[in-house]
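Report on one structure; see the data block that follows.
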Amino acid sequence: MGYRYDDQNIFAKILRGEIPCDNVLETEHSLAFRDIRPQAPVHVLVIPKGPYVTYDHFALEASDAEIADFTRAVGQVCQQLGVQPGTGGSGYRVISNAGGDGVQEVPHLHVHIMSGRMLGRMVSAG
Ligand code: 5GP
């Protein structure tokens, strides 16, 4: 409802193989790769392969199979990176930016998984 997907965005080009990425994980419906400008020692992006702009878009309109696959992919990436606090990892933060207030640069849903340093408070003062 009202979501307009721009298939020329950079992650669409990565999904089509037009631009390379440092691949971490690929599943049926999701792809994970390292952020080109890492803001922490570990900084991985997880994206669905489908044309979803934001987390809410995906959560409302993706199929159950896509949602399950994406959620599992986030877990698998955390496992692969060894960041899970439950198994001795140092912890991590998952962030998804959306729209103007969220300061979203790339209009294809992605979650950032960041780890490897103390990340500070959840958001800065402004
Ligand atoms: P946003 O602000 O949309 O949540 O973050 C977009 C992220 O995508 C940024 O952290 C940025 O560094 C990353 N990014 C932008 N272009 C590329 C690219 O071509 N390759 C990779 N791997 N990451 C990118």
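Just so you know, ligand 1 is whichever comes first in the structure, and atom 1 is the first atom listed for that ligand.
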Would you say the side chain of Pro48 lies within less than 4.5 Å of the side chain of His108, judging by non-hydrogen atoms?
yes
Could you check if a side-chain atom of Glu105 sits within less than 4.5 angstrom of a side-chain atom of Arg37, using non-hydrogen atoms only?
yes
Starting from atom 10 (O) of ligand 1, what is the nearest protein heavy atom, named by residue and atom, and what distance separates them?
Asp35 OD2, 2.5 Å
Shortest protein heavy-atom distance from atom 22 (N) of ligand 1, along with the residue and atom involved:
Arg34 O, 2.9 Å
Which of the atoms in ligand 1, numbered in the order shown and given with their element, are less than 4.0 Å from a heavy-atom of [X]?
X	value
Asn97	1 (P), 2 (O), 4 (O)
Arg37	11 (C), 12 (O)
Phe11	8 (O), 24 (C)
His110	1 (P), 3 (O), 4 (O), 5 (O), 6 (C)
Ile10	16 (N), 19 (O)

Test item, Leu45 contacting ligand 1 (heavy atom, 4.0 angstrom)
yes
Decide whether the shortest distance between a heavy atom of His112 and an atom of ligand 1 is less than 4.0 Å.
yes
Between Glu105 and ligand 1, is there a nitrogen or oxygen pair with a distance under 3.5 Å?
yes
Polar contacts were defined as any N/O atom of the residue lying under 3.5 Å from an N/O atom of the ligand; does this apply to Gln104 and ligand 1?
no
Measure from the side-chain N and O atoms of [X] to the backbone N and O of [Y], and report whether any donor-acceptor pair falls under 3.5 Å.
X	Y	value
Ser115	Val42	no
Glu28	Glu66	no
Gln84	Gly86	no

Check the surroundings of atom CZ in Arg93: do more than 12 heavy atoms from other residues, nucleotides or ligands lie under 6.0 Å from it?
yes
Is it true that the side chains of Tyr3 and Asp56 contain a donor and an acceptor less than 3.5 Å apart?
yes
Donor + acceptor pair across side chains of His57, Tyr5 (<3.5 Å)
no
Counting heavy atoms only, name the option from Val103, Asn23, Ile19 that's nearest to atom 2 (O) of ligand 1.
Val103
Just heavy atoms, cut-off under 4.0 Å: does Ile36 contact ligand 1 by side chain, backbone, both, or neither?
both
Tell me whether the rings of His112 and His43 are parallel (<30°), tilted (30 to 60°) or perpendicular (>60°).
tilted
